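Side chains are part of it too, since the values below use all heavy atoms of this structure and drop only hydrogens, waters and symmetry mates. Each chain gets a letter, A, B and so on, in the order its sequence line appears, and its residues count up from 1. Just so it is clear, the structure is predicted and the values come from calculations on it, not from any experiment.
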Number of protein chains: 6
Amino acid sequence: MSHRPAEFRAFFAYYNAIMNKESGNLSKADKELIIVATSIVNKCPYCVVAHSALHRIYSKNPALADQVMVNWKMADLSARELAMLEFALAVCRAENITEEHFQKLEDQGFDQEDAWDIGIISAFFAMSNRIAHFTDMHPNPEFFTMGRVPREKEKTKSS
Amino acid sequence: MSHRPAEFRAFFAYYNAIMNKESGNLSKADKELIIVATSIVNKCPYCVVAHSALHRIYSKNPALADQVMVNWKMADLSARELAMLEFALAVCRAENITEEHFQKLEDQGFDQEDAWDIGIISAFFAMSNRIAHFTDMHPNPEFFTMGRVPREKEKTKSS
Amino acid sequence: MSHRPAEFRAFFAYYNAIMNKESGNLSKADKELIIVATSIVNKCPYCVVAHSALHRIYSKNPALADQVMVNWKMADLSARELAMLEFALAVCRAENITEEHFQKLEDQGFDQEDAWDIGIISAFFAMSNRIAHFTDMHPNPEFFTMGRVPREKEKTKSS
Amino acid sequence: MSHRPAEFRAFFAYYNAIMNKESGNLSKADKELIIVATSIVNKCPYCVVAHSALHRIYSKNPALADQVMVNWKMADLSARELAMLEFALAVCRAENITEEHFQKLEDQGFDQEDAWDIGIISAFFAMSNRIAHFTDMHPNPEFFTMGRVPREKEKTKSS
Amino acid sequence: MSHRPAEFRAFFAYYNAIMNKESGNLSKADKELIIVATSIVNKCPYCVVAHSALHRIYSKNPALADQVMVNWKMADLSARELAMLEFALAVCRAENITEEHFQKLEDQGFDQEDAWDIGIISAFFAMSNRIAHFTDMHPNPEFFTMGRVPREKEKTKSS
Amino acid sequence: MSHRPAEFRAFFAYYNAIMNKESGNLSKADKELIIVATSIVNKCPYCVVAHSALHRIYSKNPALADQVMVNWKMADLSARELAMLEFALAVCRAENITEEHFQKLEDQGFDQEDAWDIGIISAFFAMSNRIAHFTDMHPNPEFFTMGRVPREKEKTKSS
């Protein structure tokens, strides 16, 4: 991407507007979990591996991202996380979004702004996953292990 | 989108960097055809209808976009357009992109920069289609007829 | 088909028995909408384009058939039309038809005879679409624009 | 169907024009095998069971129809029968039919008229299967055993 | 398999432990019906044909296995058999098994041990079907007719 | 499983006959890679996580199993590993196995006994994955990190 500086800058400006905004109820770990769950649908090695590492770091949970990679419905998710991923995956799969979708989010304490945040992250990575595919991006080797061995032993227990 | 001015600006800045760049071998009609073909896969009413209208206007062909909507492989496409849509749809479907994909483009006179342009348009609209879905965007009524009866020149300006 | 006069006559005799019967609650526009919705599933260019034109003419609605082509569940359909297309598409997809399917039709004012009419049109075009495929039928160019620019201006507003 | 005599007559007139024509290279057993192979795709109990019985009777082969029901590609088919079913199933699945499809038929001794016959039988039963679905037709009990126990013992060997 | 005696013995020892255990509420016919229904999903000619024959013999019903082969949801199944096949097919398709699945079984009088029996038969034949595929096993010709012509005429009536 | 000692013993006797046989050209790491690749298709958290850990330990490669989890066709596999997984996945998906499948294995130095070994491991885990699903097995927390941090730093480089 670096050989096209204008596109490169525009991509990251948009990325920053979405991922680094201060407002809203999504934690950094929430955002990374959305990226892991949707990038696995699009079979994007770079995004799954890099954002799994970030999720492990932000959440201090060394197992959840891997669980979501294999079978998100059987992962140790809270009801709130489950609703968040359901919405993100509906957007990811280009399903028709109905009032029922928003209602399920609201039932878990998400407001309309959060719904937008979940949807836009899912949509943005629908794009990023596809760019990574045709540019053949590979994850750095260190991403595979990052965040797996927490310093404090009590962090190893998955909830 | 307008209630989030920072994201709105970033989206359109990126859109402009991709769609309005001067260089490359893709015509305006080519770009719109890519958007029609990929947006139909994502079942996005707004994008299909608006960009079909733009394709009709740029190409002066009142039928091709509709043909692509129903069954792109049976549409009256040139070999060059067929190769372009094959690549765009492989990116759209998040397929693994191989050397063979790039070779097929090269065989039709596309270079590496064109391959990037086709891929990035397909990827960008993978995002846009999904945003349109969760924001429930509807096409303006005039898009359905625009460019079908090419008499009124004033209709040509795209939003 | 014309080189087989016996089959040609039998096909159209059956077509007439189904499409031009006087009785029942389906309007001409209803019938055409069923054909558009099911022919898009079968990716039949001829049938989608020709019967979209007929729907525009009978319904005086220049946009609805196009909406149904892209994403029937997000089209501006009445509850009655939605139920009609749900049944037609279940038949089109060779799904098991249950009492629940008939109940949903009844809830929208359709009787058993109407259910038969919807089902038989969907089934007949399952056949016609396939014949058009292997005989490589192409729509006449005028079908693409027919019924798009109504003479009276009040017809343009889609609900 | 009998409560709609006009449709009933038109259906059978068309059926006769297709199934009972004298000309062409398809045997009665060939035609029944096409119906079994395509009706299994559409999951139509009546057509599969009734036409399996007819195939057993015409072919004097008590096993082939059952083999085709489970997995047609692994059935004991001749190269000619395999090509015939490949074409029939492409039509059944509403795939785009190309020159390559016709070439494969020609390689096995089928001419253009035979291609039409295979295609039209597949298309006609795409319709019939769907009618049987929404009218909930059930096969007569005797169809399940018909043609299974040939009188001459040498018929039991499947080729 | 016979050229690997250790594996051969282990396979049949496990088969016997599952299929020939005395306890539980599944009849021999129930077990065979599970095998027919799941083997058809895996398109295994040997297992479908051999176990259909066994089902006909154990159940004295010459039609039910064939009905299940074509379209299990439209077969003449009891509510108990329907629940049993629903669970078996969920396991066969590697779906996530939830409390709801077990509840539906319990509603039809199955206990936890029966649920295990249904699941393990479905899982065992997920393996057997695949072994039959890569070893290209073919059913014996007599399996196709076995159990089809009952000696007592009153058995022909399917319920 | 432990509450059914006879089945438990039979399962592990068969497992041992397959996984712990001395002969053949598959390494321990090869066998674990087959299990990872096929268990991800069946979405089995226990098998993917436990056998990924074993693969990391046997292969001393901390990244390959994760790559295979996300997108096996884009993983850093040797041509030999690619052919091995292609065959294993064809068996896993219950595809028809043809001479071409065996030829591709032979081209990479696998003999008929190896083909059997690959096939039987894939088939055995088609069963195991499904048992894990309905018994709701969960991977031990330590499996997630096992084999990720090699003592010698030079092992971190993925080939």
Side chain, backbone, both or neither of F102(A) within contact of chain B (heavy atoms, under 4.5 Å): side chain
Residue selection (most heavy-atom pairs with chain B, distance under 4.5 Å) from N16(A), D136(A), N96(A): N96(A)
Pair D114(B) + R80(B), salt bridge at N-O below 4.0 Å: no
N-O pairing of D117(A) and K31(A) below 4.0 Å: no
Candidate pair S52(B) and H55(B), rule side-chain hydrogen bond (donor to acceptor under 3.5 Å, both in side chains), full reasoning: CA-CA 5 Å; S52(B) 291; H55(B) 181 266; over 6 Å; no
Flag, side chain of N61(B) to backbone of L64(B), donor-acceptor distance under 3.5 Å: yes
Heavy-atom proximity to chain B below 4.5 Å, by part of C92(A): backbone
Structural part of E113(A) lying under 4.5 Å from a heavy atom of chain B: both
Expected output: side-chain S39(A) to main-chain V36(A) donor-acceptor under 3.5 Å: no
Leading residue by heavy atom contact count with chain A [cutoff under 4.5 Å; candidates A6(B), A115(B), A126(B), A10(B)]: A10(B)
N42(A) portion near chain B, given a 4.5 angstrom heavy-atom threshold: both
Rounded distance [0.5 Å steps], CG in D30(B) versus CD1 in I121(B): 8.5 Å
Heavy-atom pairs under 4.5 Å with chain A, option from G119(B), A132(B), A13(B), S128(B) with the top count: G119(B)
